[in-house]
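Treat the numbers as computed from the prediction; the structure is a model and nothing was measured. So you know, we letter chains A, B, ... as the sequences are listed, proteins then strands, and number each from 1.
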2 protein chains.
Amino acid sequence: MIMIIIIDKREKEEIMARYSRQREAIRKQVSGRKDHPTAETLYAELKKDFPELSLATVYRNLGQLAEWGEVVKIDSYGAARFDWVVEPHSHFFCRECGCVVDMPEADDRMPRDIAEHFDGVIESSASNFFGLCKECKEKLDRESRN
Amino acid sequence: MIMIIIIDKREKEEIMARYSRQREAIRKQVSGRKDHPTAETLYAELKKDFPELSLATVYRNLGQLAEWGEVVKIDSYGAARFDWVVEPHSHFFCRECGCVVDMPEADDRMPRDIAEHFDGVIESSASNFFGLCKECKEKLDRESRN
DNA sequence: TACTTAATGATAATGATTATCATTATCGAT
DNA sequence: ATCGATAATGATAATCATTATCATTAAGTA
């Protein structure tokens, strides 16, 4: 039995969303970066051009954007991180520098496989990898060689 | 290039660990259950036979046991959960009842695959699935039929 | 221009976890 | 058995990420 995996991009709510400069700025800031910033990081960056911005507004809007499927909330291991790339893919977490990098080739294959043996409904999945990123690996290699 | 995946079960520290009734009780409590209890849940249960127990002690010991590779800390989505099964496997999180169930057949295949395309070091991985468990699916099916 | 109400900023509150610290308990050596 | 060093504990304060509250501001429509 093949089971379809539903990625839950729900429609934009009953209540109509209004425009706001803050949300627009947050949207632009997230989409402009390839790292996976935390709310705090985005806040710090946005504050430069937007001194009156509140951290609560950043959290509020990121939550909303995630709900609308415009960003993905990577909800693990300390502070949540946000990703502009909404196509399903995995993430790697470096234990040394704390960076998060995309693992595009991971997904797709497996969930389908798993779903066949599962009695409930799988709506989404996330594969996380841990270890040392390229840079930290090389750095530690260099250090141990001394 | 095939890369070996190292599960980081580090040796039991320099400092020698001493016996304690509390740790023993915590160890027994975790190993005795198949759900994936949080620290708080374990605390509540242990408190019955151990009224003087402190929540801090539960956290402390679970952290230690995890460090020693005796339990696995499932570090995601709200409160951390602890698993006595240390062999690599995935978990399913039900969005309705919040239960966590094992997905034994998930791992193994994929990480090896991924590792070939990764320049750093992958030490471990975790695949998480989200959706509705069997019970909640059936319950919701029943309700929508009315 | 006025009105309705979504969005904001400031901040208090919450929840999970960790840190602190004085006291207690383990365990090897005496 | 008792001593001494120090790991472990219990109680609780502190921290960190996030959410809730609420009075004020600002979209967007009538």
Side-chain angles (χ1 to χ4, degrees), chain A residues 11-30 36-68 70-83 93 98 100, chain B residues 11-30 36-68 70-83 93 98 100:
Chain A
E11 54 274 357
K12 298 206 175 188
E13 302 281 270
E14 332 69 49
I15 39 154
M16 184 158 19
R18 286 181 188 170
Y19 169 89
S20 89
R21 289 174 303 136
Q22 289 85 334
R23 179 152 53 230
E24 211 44 49
I26 291 164
R27 199 180 260 127
K28 185 177 293 180
Q29 182 65 217
V30 181
H36 302 73
T38 62
E40 201 82 43
T41 305
L42 290 167
Y43 174 63
E45 198 58 35
L46 287 159
K47 199 114 217 239
K48 292 175 186 170
D49 307 293
F50 236 110
E52 75 283 13
L53 182 69
S54 169
L55 179 57
T57 300
V58 177
Y59 271 106
R60 228 175 344 228
N61 280 293
L62 287 173
Q64 211 129 39
L65 293 173
E67 215 179 307
W68 296 341
E70 294 191 43
V71 302
V72 170
K73 188 179 182 189
I74 307 171
D75 203 351
S76 313
Y77 322 108
R81 287 156 169 279
F82 295 86
D83 195 345
F93 302 79
V100 176
Chain B
E11 53 275 358
K12 295 207 174 187
E13 302 282 272
E14 334 69 49
I15 40 154
M16 185 157 19
R18 287 181 187 169
Y19 169 89
S20 88
R21 289 173 303 136
Q22 289 85 336
R23 180 150 53 229
E24 210 46 48
I26 291 164
R27 200 180 259 127
K28 185 177 292 180
Q29 182 65 220
V30 182
H36 302 73
T38 62
E40 202 83 44
T41 305
L42 290 167
Y43 174 63
E45 199 57 36
L46 287 160
K47 200 114 216 238
K48 292 175 186 170
D49 307 293
F50 235 110
E52 75 283 14
L53 183 69
S54 169
L55 179 58
T57 300
V58 177
Y59 271 107
R60 230 179 339 234
N61 279 294
L62 287 173
Q64 211 129 39
L65 293 173
E67 216 178 308
W68 297 341
E70 295 191 43
V71 302
V72 170
K73 188 179 182 188
I74 306 171
D75 203 351
S76 313
Y77 322 108
R81 287 156 169 278
F82 295 87
D83 195 345
F93 301 80
V100 176

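Atom pair A:N61:CG and D:dT19:P shows a separation of 13 Å (rounding to whole Å applied). Residue A:Y59 contributes atom OH, which lies 14 Å from atom C1' of D:dA20 at whole-angstrom precision. Residue A:Y43 contributes atom OH, which lies 14 Å from atom C1' of D:dA17 at whole-angstrom precision. Residue B:L55 contributes atom CG, which lies 13 Å from atom C1' of D:dT9 at whole-angstrom precision. One can place CD1 of A:I26 at 11 Å from C1' of C:dA7, the figure rounded to the nearest angstrom. Regarding B:Q64, its CD atom lies at a distance of 9 Å from the C1' atom of D:dA7, rounded to whole Å.
Contact annotation for A:A79: backbone-only contact, meaning every heavy-atom pair under 4.0 Å involves sugar-phosphate atoms and none involves a base. Across all strands shown, A:A39 has no heavy atoms under 4.0 Å from either base or sugar-phosphate atoms. Heavy atoms of A:R23 sit under 4.0 angstrom from primed sugar atoms or phosphate atoms, though from no base atom. At a threshold of 4.0 angstrom between heavy atoms, the contacts of A:E40 with the nucleic acid are absent.
Interatomic distance, A:F93 CZ to A:R81 CZ, rounded to the nearest 0.5 Å: 7.5 Å.
Checking the phosphate oxygens (OP1, OP2) of D:dG10, a side-chain nitrogen or oxygen of B:Q22 falls inside 4.0 Å. OP1 or OP2 of D:dT12 has not a single side-chain nitrogen or oxygen of B:S54 nearer than 4.0 Å. For the OP1/OP2 pair of D:dA27 and a distance below 4.0 Å, the side-chain nitrogens and oxygens of A:Y19 include no atom meeting the criterion.
Salt bridge status for B:E24 with B:R21: absent, with no side-chain N to carboxylate O gap under 4.0 Å.
Each of B:R18 and B:R21 was matched to the nucleotide of DNA chain D holding its nearest heavy atom; the match closer to the 5' end belongs to B:R18.
Between B:F82 and B:H36, the closest side-chain pair of non-hydrogen atoms is not below 4.5 Å.
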